[in-house]
There are 2 protein chains.
Amino acid sequence: MAAKIKDVARLAGVSTATVSRVLSNEGYVSEEARKSVLAAMEQLRYQPSRLARSLRVQRSRIIGLLISDIQNPFFISLVRAVEDIALQHQYAVFLCNADENSEKEKFYLDLMQAERVAGVIVSPTRERDDPCLQLFQADIPFVVIDRKLADVNVDTVVVDNIQYTYQLVKHLLEDGHRRIGAVLGISTATTGRERYEGYAQALTEYQLPLSPELLRTSIPREENGYHLTNELLDLAEPPTALFVGNNLLTVGAFRAISERGRTIPDDIALAAFDEVDWMSLVKPGLTVIKQPTYDIGRTAAELLFQRIADPLLSVQQITVHCTLNIRQSCGLHQNTGVPASQVVQAAQKEREIV
Amino acid sequence: MAAKIKDVARLAGVSTATVSRVLSNEGYVSEEARKSVLAAMEQLRYQPSRLARSLRVQRSRIIGLLISDIQNPFFISLVRAVEDIALQHQYAVFLCNADENSEKEKFYLDLMQAERVAGVIVSPTRERDDPCLQLFQADIPFVVIDRKLADVNVDTVVVDNIQYTYQLVKHLLEDGHRRIGAVLGISTATTGRERYEGYAQALTEYQLPLSPELLRTSIPREENGYHLTNELLDLAEPPTALFVGNNLLTVGAFRAISERGRTIPDDIALAAFDEVDWMSLVKPGLTVIKQPTYDIGRTAAELLFQRIADPLLSVQQITVHCTLNIRQSCGLHQNTGVPASQVVQAAQKEREIV
DNA sequence: ATGAAAGCGCTAACAT
DNA sequence: ATGTTAGCGCTTTCAT
């Protein structure tokens, strides 16, 4: 097995305490002792056991990151951000993927607790989420991202889904569309529900009915986007425009429309939540709300480390701003009430405390 | 703090040994004792510390997964696969992202060693990779994926890059192209080098020179694909076809071509390594080699658990098969020597031991 | 069938 | 400036 602190101490002719002091750069240790310890470490290729250390100091230098779907590009740069910040703090990231499955979510949260992680960042699969509450009750520092959690006052980083969806759908309305379909994620997650609300607000403002047949929801996966869009296109009177509430659903929607030989935006307009890099490659470019994914991850990680450092800190609920990227998929917008430039300007990457 | 085994023992009126026996379902324990222990656990919401357990039994139920770039979709379903298999074995996955940076790679491998993970799956950033060798010398079970490692005989899961690239480039040649540019990943990783070899083999077979000006290599990132492709398009005599060696590079290449208003395949043909889901959305569809990413991950994880179970098992080097997805991006293929159907048939998802 | 006790590798009082 | 020692929470002989 690997060398341990005792071996280093023996070889260096000092006690384990001295070795530990060298390791942590704390306390007094003579230059001479330090040198021989360092030499011994080198010689034995000593790698201190973080396992033992964590047990002893009763906290590990690992944070858990539980995302709801690793297939979703939205989470990828978020992961990168968390990783970057964690690295700065000398922490490692324990990444888990709930796969939109609340059982897996519970499993992983239990696991993180059992591994005694220092804190957790989580995007809950549902708004009322017992496993998350349990985490909260166990006094484990944690930060919620992307989706809000009901019944607890906890550090949170989200975007204003209602407001941005409202703007996006309004954009479609201003282009003259009156029959706008919606393909959304399930409404047990707040993102799904709020995006529905934004959609509903916009229609209501234009005194349009909220026709149930135009609304489709499911777990946000590509195949679901595909099927739901097909359902909408199969309607006796199909929508002239589509609002899609998530990037995976968008891939499916796009494919469904293409396969039928329909063209965007002439046959049907398309506007969606979430930007993905390939969207700049497809023609026509998609009009989307772009979330600052890296910022969300960075902010959440910073919040978490603040909370770890000071558990008594007051709770912060941060809303980050998005950008409206207007491209060609909703058609010409000569008749847009709000000029595109103004909309984009209003959506700087600022932060506000709610 | 959370309840510990002592608390459970006290509440249940038994010793810690008995609690431990209940926990692990090993050794004799009376039905009566079991019941009261279970009740005590419930009441205290006891979560055994895997940290302490790992220290005691000298091995954790965590495997490390170090991928070279989390932005690359290639790795995502691979991650999913590893996660699925690990879960079956009651292991957790410690996912790290080297970001094509060998310092980060070293940092994470050291970290994994310090955390005493049970084993590691890694896609090395370079062919001669000291941190990986160190892992090997420390007798930590590990499996190499995607890229081979020189100087050691270690469990490996890769694809036959040379062979598939050869087929793909030959396809371009059979379509009549004689000036084929290549945009590849750096050749310190075996994927880059081997894909170059496949390219070279095909050209050589057609007795074409290997013109250095047609070959561009860099770290596989989108912006590099963009710049390198622009360089090729800027040549006095630009290539009529392009082979791109990796999906991130392909996004960049595609963008560069689009931005110049060039059309695929009329102005320039395009064929690439790696499939990504959005490729079915762009027009024209891209001709690509599709790697069985999930299979690669699954195979690697299975190999790792075999090795953990029996360190003396003979080393396995597995080559998984790819699929050639022929679409419209390399032009019509009436003049293709090998019919597409036959090529695809030859590329079933079989396995072979090299 | 159960308990007592040692010890995994490390840190942190406390003593010198 | 350095060493001694107890103990983090768990498992596992070895007794009984």
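The figures that follow rest on heavy atoms only: side chains count, while hydrogens, waters and symmetry mates do not. Each chain gets a letter, A, B and so on, in the order the sequences are listed, and its residues count up from 1.
- The nucleotide whose nearest atom lies closest to any side-chain atom of Ser49(A) is, among dA12(C), dG9(C), dT2(C), dG9(C).
- For Leu23(A), taking side-chain heavy atoms from C-beta onward, the closest of the listed nucleotides dC10(D), dG3(C), dT11(C) is dT11(C).
- Rounded to whole Å, atom P of dG3(D) lies 15 Å from atom NZ of Lys6(A).
- Remark: the Arg50(A) side chain and the dG9(C) base include no donor-acceptor N/O pair separated by less than 3.5 Å.
- Using cut-offs of 30° and 60° on the angle between ring planes, the pair Phe142(B) and Phe136(B) is perpendicular.
- Considering only the side chain of Arg56(A), dT11(C) comes nearest among dG3(C), dG9(C), dT11(C).
- At whole-Å resolution of the value, CD in Glu26(B) and C1' in dT12(D) are 10 Å apart.
- Counting only heavy atoms from C-beta on, Leu55(B) has its side chain closest to dC8(C) among dT11(C), dC14(C), dC8(C).
- No hydrogens or angles were tested; on distance alone, nothing pairs the side chain of Arg116(A) with the base of dG9(D) as donor and acceptor under 3.5 Å.
- If you check every strand for non-hydrogen atoms under 4.0 Å, Ser30(A) touches sugar and phosphate atoms only.
- For Ala52(A) and Glu32(A), each mapped to the nucleotide of DNA chain D holding its nearest heavy atom, the one lying further toward the 5' end belongs to Glu32(A).
- The side-chain heavy atoms of Arg21(B) and Glu26(B), taken from C-beta on, include no pair separated by under 4.5 Å.
- For the pair Glu31(B) and Pro48(A), nearest-nucleotide mapping onto DNA chain C gives the more 5' position to Glu31(B).
- Taking only side-chain atoms of Thr18(B), from C-beta outward, the nucleotide of dT2(C), dA1(C), dG9(C) with the closest atom is dT2(C).
- Atoms CZ and CG, on Arg116(A) and Leu51(B) in that order, are 7.5 Å from each other to the nearest 0.5 Å.
- The nucleotide whose nearest atom lies closest to any side-chain atom of Ile5(A) is, among dC10(C), dA12(C), dT13(D), dC10(C).
- Remark: P of dT2(C) and OH of Tyr28(B) are 12 Å apart, rounded to the nearest angstrom.
- Contact check, Tyr46(A) against dC10(C): a side-chain N or O comes under 4.0 Å of OP1 or OP2.
- With rounding to whole Å, Leu51(B) atom CG is found 15 Å from dG7(D) atom C1'.
- One interatomic measurement links the two molecules: CZ of Arg10(B) to P of dG3(C), which rounds to 14 Å at whole-angstrom precision.
- A sub-4.0 Å separation between OP1 or OP2 of dG3(C) and a side-chain N or O of Ser15(B) is present.
- Taking only side-chain nitrogens and oxygens, Thr16(A) never comes nearer than 4.0 Å to OP1 or OP2 of dG9(C).
- The two residues Pro131(A) and Asp129(A) make their nearest non-hydrogen contact at CD-OD1, 3.0 Å.
- Computed from coordinates, the Arg53(A) CZ to dG9(D) P distance equals 16 Å when rounded to whole Å.
- Regarding Asn25(A), its CG atom lies at a distance of 16 Å from the C1' atom of dA12(C), rounded to whole Å.
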Would you check, one step at a time, whether the test side-chain hydrogen bond (donor to acceptor under 3.5 Å, both in side chains) holds for Gln317(B) with Asp155(B)? CA-CA 5 Å; Gln317(B) 315 242 52; Asp155(B) 293 319; over 6 Å; no
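- One finds a side-chain N or O of Gln58(B) lying less than 4.0 angstrom from the OP1 or OP2 phosphate oxygen of dG9(C).
- A pairwise comparison of heavy atoms in Lys4(B) and Tyr46(B) identifies C-CE1, 3.6 Å as the closest pair.
- Checking dA12(C), dC10(D), dC10(C) against every side-chain atom of Val57(A), the shortest atom distance belongs to dA12(C).
- In this structure, CZ of Arg59(A) is placed 18 Å from P of dC10(C), rounded to the nearest angstrom.
- If you check dG3(C), dA1(C), dT2(D) against the side chain of Val29(A), the one that comes closest is dT2(D).
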